[in-house]
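Keep in mind that the numbers below use all heavy atoms, side chains included, and drop hydrogens, waters and symmetry copies. All chains are named by letter (A, B, ...) in the order of the sequence lines, taking the proteins before the strands, and each is independently numbered beginning at 1. If you're wondering where the values come from, they're calculated on a predicted model, not measured in any experiment.
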Amino acid sequence: MTDRKGIPRREFLKTAVAIGGTAAFSACLGREEIDVPTGPDDLSSYPQRQHAWNEILPRDDHGNVVAPHHRVLLFLNLQENGPPTEPDRTTVETALEGVEHAYERSGDGLLVTMSYSPAYFDRFDSSLPESVDLPDPEALAPFEDPKLDTPDAVVHLASNHAQVVLGAEEALEGNEATLNGVEQPDAALTDVFEAVDRRTGFIGDGLPAENADVDGVPTDKVPDDAPLFMGFKSGFEKNQASEDRVTIQAGPFANGTTQHISNLRLNLDQWYNQDDRWQREAKMFCPYHAENDVIEGTGDNLGDSSKIDECDPADETAREMGVVGHSQKSVSAREDDQPIILRRDFDSTDDGHAGLHFLALQREISDFVKTREAMNGTDIAEQSAVGQRNNNGILQYIRTQHRGNYLVPPRSLRALPPATPRTDSTQEVANASS
Amino acid sequence: MPTHVEGMEMAEMQSSGGYKCALTYTYPHRFWLVTGSRREKVDIKSNDSTHLMPVVWETETGIVPPDINPQVQITQDGESVAQLSPWPMLSQPMGFHFGDNVQLAGDGTYQVEVSIGAPSTRRTGALADNQGQTTFSFEFDFQQSALEEIMYRDIPSDTEGTDGAVDPMGMEMMPSTHVPAEADLPGTVHGSVTSGDAKFVVTTLSDATPFGGREDETYLAVSPRTPYNQYMLPLMSLSGTLSRGNDAIYDDILQSTIDPELGYHYGAVVSGVESGDELAITVDSPPQTARHEGYETAFFEMGEMSVSL
Ligand code: HEM
């Protein structure tokens, strides 16, 4: 932070989120002159689904949702043992509403979700209802050995502006009397929680190339316009689960969802310095795409889908071509020809190493497990020339460091929910279209 | 026949959880990545320090499992220097191994951690129990001068360019990545065929129970190897058609399997084998291992083979 003047504006903003804190926030304010509308006084019209982001996020020319560029994940532990109290709940809700009054709910404003781990729900005598599938985290591949995260809660802050995620974080930690001109309540998450970890990141055209001066990625190789370190566009409309598909349909946590957060380390020296473009396309998408030059640049030309229907079945190319693509494999986890997880992942330079925080929403954690199993391609490797990692999608280049499972409750239960909330048992999702 | 033959050095050896691991290294090498039948040359970069090869084998059998990709983390005084996921590779001096060129920060001592996960190729016999994840920790004293010494131990130039592979290194205590010689294979050996420079030996075992079949069924095993050194050739897609007259008794994939007696091989349970049966072997994908010099063009064009049983 010392020689702030010498760093170009954008360059500075990206490191600001990774560094965090009051100094980074005020430096951002000085450098990033933006006008973010404040939120409404009355928040009662905000959707029950904390994860209802798609309707308010911008879309690109092809109709794909544009993911918010800057992210912070705050990992929190309750200070006290045992179940939380009513005053604790009031504190948490008041703190969250404070930042929502300060910034409007939008891509340029602030998007926030609050989520709770199985370890948190263990504080209660009763257990979660059957309508919630939230097991403890575990390793999800025979060849990985991740640390299993068990904080009580995780807050996900997202915005297209670095200063908004930083400001919200500062205010939630009780460090800002006013935020975006809006007076902040005398209640902070840190009154009841202790922050135990902080993970940050970014996604969006150009950001990875600007952040490539870290271990794990050759500095000059990430394409200038790539939205992710591996160089390809991701999250096409037709390759994502809908928000309906990932929403819990019944029970007290209806309108909630489950969230898996893993941290994957990227080692892209081989990817960029040894593999060629053909191999990158084949391993990320499928050999058909590589053979037929389906992908231009980062893949924006693909439109609103990864055109994975054009690939041969994964087990077939594995046998006959000795390679299988990541996207091609993942398709086998679909139901009704639709993916069952909603990916909201983003890149990271935490700890000075290129990585990815793979945050995914799904109705049940088992949907994630099933999808990850498809991505492992264990059966495919057993039956073909494809190896455990070799030519097996992108497994050669990623290493799972952390895994954690969380429940994102509906908005009305976002502040320290009990494991078995009392409800008028009729609460069900109105538009249960899927 | 390559123009150079290279030795290597072993930094250290460790045991853990039914496995042993030797951290070996040599000077940076160029090699070829293989994807399908495509070959992609990887040149040595000016800042490559060494070609690092963590060799992991099952203590009981000495078999190097090609399905267990060691992951390597190199640090120096707590600072991360490099992380890598070495490629499965074939070289004439070493046979099958995992390796890659890495960039270190000059002469000095490095801490190297090699982690392995559970296997993903079918195991039979005693090996079925070896499932553990484990980590090996090494102190690696790297000296540029040691690499130069390895380079000078080249083969004399008068044998260059002649046919045939160089002798395997046979470093003491190291496992070999040979498969059993034709005569040492268990079961009834029915001879061998050649395709794309590789030799495929066929054997049948009369009781298929250890391989997931019944006692009255037969296990049909195909054991491919390099022609001179008998190195295993893993990571292929093989299929087989067993015919008796006009009937196909079996027509499906031959699954890669690691067995303590057969070594790495490809096999299938069949109802039975009679003399006069014909076995057609198809290579659907050639070995998906990276290649060092000397093997860069071998084992690619592998036409269908036929053996009379
Ligand atoms: C470095 C990490 C990763 C990168 C760069 C990456 C990139 C991509 C890309 C480019 C696509 C195709 C475009 C699209 O459909 O959006 C894709 C598809 C997909 N990926 Fe990933 N991915 C990564 C990790 C994961 C992980 C950890 C999972 C979870 C198991 C996953 C699940 C999926 C799914 C479900 C699809 C869509 C499949 C379908 O169309 O049905 N990805 N990914």
Side-chain angles (χ1 to χ4, degrees), chain A residues 139 141-145 214-216 218 265-271 273-283 287 290-291 315-324 351-355 376-392 395-401, chain B residues 31-38 40-43 45 48 65-69 71-73 79-89 98 100-103 115-122 131 133-135 234-239 252-257 283-290:
Chain A
F143 46 82
E144 71 176 28
D145 188 18
V214 286
D215 287 350
R265 262 199 173 198
L266 296 174
N267 275 312
L268 301 182
D269 280 320
Q270 292 173 334
W271 181 252
N273 287 328
Q274 297 186 357
D275 286 297
D276 64 4
R277 170 87 189 172
W278 190 97
Q279 286 164 315
R280 285 194 291 273
E281 291 179 352
K283 291 176 183 185
E291 279 299 314
D315 48 356
E316 229 172 275
T317 54
R319 289 284 312 168
E320 284 158 22
M321 304 193 74
V323 57
V324 59
D351 305 322
H353 203 288
N376 291 343
T378 308
D379 295 349
I380 291 172
E382 238 174 46
Q383 309 272 333
S384 75
V386 166
Q388 186 172 66
R389 293 177 186 268
N390 190 52
N391 290 349
N392 193 344
L395 294 174
Q396 173 75 19
Y397 317 94
I398 64 182
R399 195 165 165 183
T400 313
Q401 305 285 101
Chain B
F31 56 85
W32 286 259
L33 290 179
V34 174
T35 309
S37 47
R38 285 172 60 95
E40 225 271 301
K41 185 163 155 213
V42 176
D43 282 315
K45 285 191 289 173
D48 284 338
D67 59 332
I68 295 184
N69 294 48
Q71 305 292 298
V72 179
Q73 190 153 0
E79 291 280 310
S80 169
V81 175
Q83 261 199 42
L84 64 150
S85 180
W87 301 106
M89 306 188 129
F98 286 92
D100 197 0
N101 297 335
V102 293
Q103 293 107 48
S115 325
I116 59 167
S120 50
T121 294
R122 184 167 81 127
Q131 296 284 329
Q133 308 225 0
T134 190
T135 299
L235 296 167
M236 284 195 262
S237 302
L238 289 193
S239 42
D252 208 336
I253 71 162
L254 300 171
Q255 190 179 350
S256 55
T257 305
V283 180
D284 303 311
S285 295
Q288 299 295 298
T289 57

With sequence neighbours left out, the residues meeting side-chain contact (heavy atoms from CB on, under 4.5 Å) with B/Ser237 are A/Arg319, A/Ser384, A/Ala385, B/Asp284, B/Ser285
Greatest number of non-hydrogen atom pairs under 4.5 angstrom with chain A, of B/Gln255, B/Arg122, B/Gln71, B/Met236, falls to B/Gln71
Cut-off 4.5 Å, heavy atoms of chain A, and the answer for B/Val283 is neither
Notebook entry, point to check: Does B/Asp67 reach the main-chain N or O of B/Ser120 with its side chain, forming a donor-acceptor pair under 3.5 Å?
Noted result: yes
Side chain to side chain donor-acceptor pair (under 3.5 Å) between A/Trp278 and B/Glu40, worked out
CA-CA 10 Å; A/Trp278 190 97; B/Glu40 225 271 301; over 6 Å; no
The interface call for A/Asp215 against chain B, heavy-atom contacts under 4.5 Å, is side chain
From the list B/Gly36, B/Ser80, B/Pro286, B/Ser85, the residue making the most non-hydrogen contacts under 4.5 Å with chain A is B/Ser85
Bottom line for A/Asn390: the part with an atom under 4.5 Å from chain B's heavy atoms is both
So, the part of A/Asp145 with a heavy atom under 4.5 Å from chain B: the answer is both
Whether the side chain of A/Glu281 engages the backbone of A/Asp276 through a donor-acceptor N/O pair (distance < 3.5 Å, no angle test) should be reported. no
So, the part of B/Ser115 with a heavy atom under 4.5 Å from chain A: the answer is side chain
*How far apart are the C-alpha atoms of B/Val72 and B/Phe98, what are their side-chain angles, what is the distance that settles it, and do they pass the side chain to side chain contact (heavy atoms under 4.5 Å, CB included) test?*
CA-CA 11 Å; B/Val72 179; B/Phe98 286 92; over 6 Å; no
Handout entry: Backbone of A/Val324 reached by a side-chain donor or acceptor of A/Asn392 within 3.5 Å
Key = no
Bottom line for A/Asp275: the part with an atom under 4.5 Å from chain B's heavy atoms is both
Bottom line for B/Pro86: the part with an atom under 4.5 Å from chain A's heavy atoms is backbone
Turns out that what part of B/Ile116 lies under 4.5 Å from chain A's heavy atoms comes down to neither
Checked A/Gln396, A/Gln383, A/Glu144 vs chain B; the most non-hydrogen pairs under 4.5 Å come from A/Gln396
If one checks every heavy atom of A/Glu382 against chain B at 4.5 Å, the contacting part turns out to be both
Scanning both residues in full, the closest heavy-atom pair of A/Gln388 with A/Ala381 reads N-CB, 4.4 Å
Q) Just wondering, are more than 12 heavy atoms of other shown residues or ligands nearer than 6.0 Å to CG in B/Asp43? A) yes
- prompt: Is there a side-chain contact between B/Gln288 and A/Val386 (heavy atoms, below 4.5 Å)?
  reply: no
Turns out that what part of A/Ala318 lies under 4.5 Å from chain B's heavy atoms comes down to backbone
Chain A shares the most heavy-atom pairs under 4.5 Å, among B/Thr289, B/Asn101, B/Val42, with B/Val42
Those residues at least two apart in sequence (or on a different chain) that pass side-chain contact (heavy atoms from CB on, under 4.5 Å) with B/Ala82 are B/Ile74
Chain A shares the most heavy-atom pairs under 4.5 Å, among B/Asp100, B/Thr121, B/Leu84, with B/Asp100
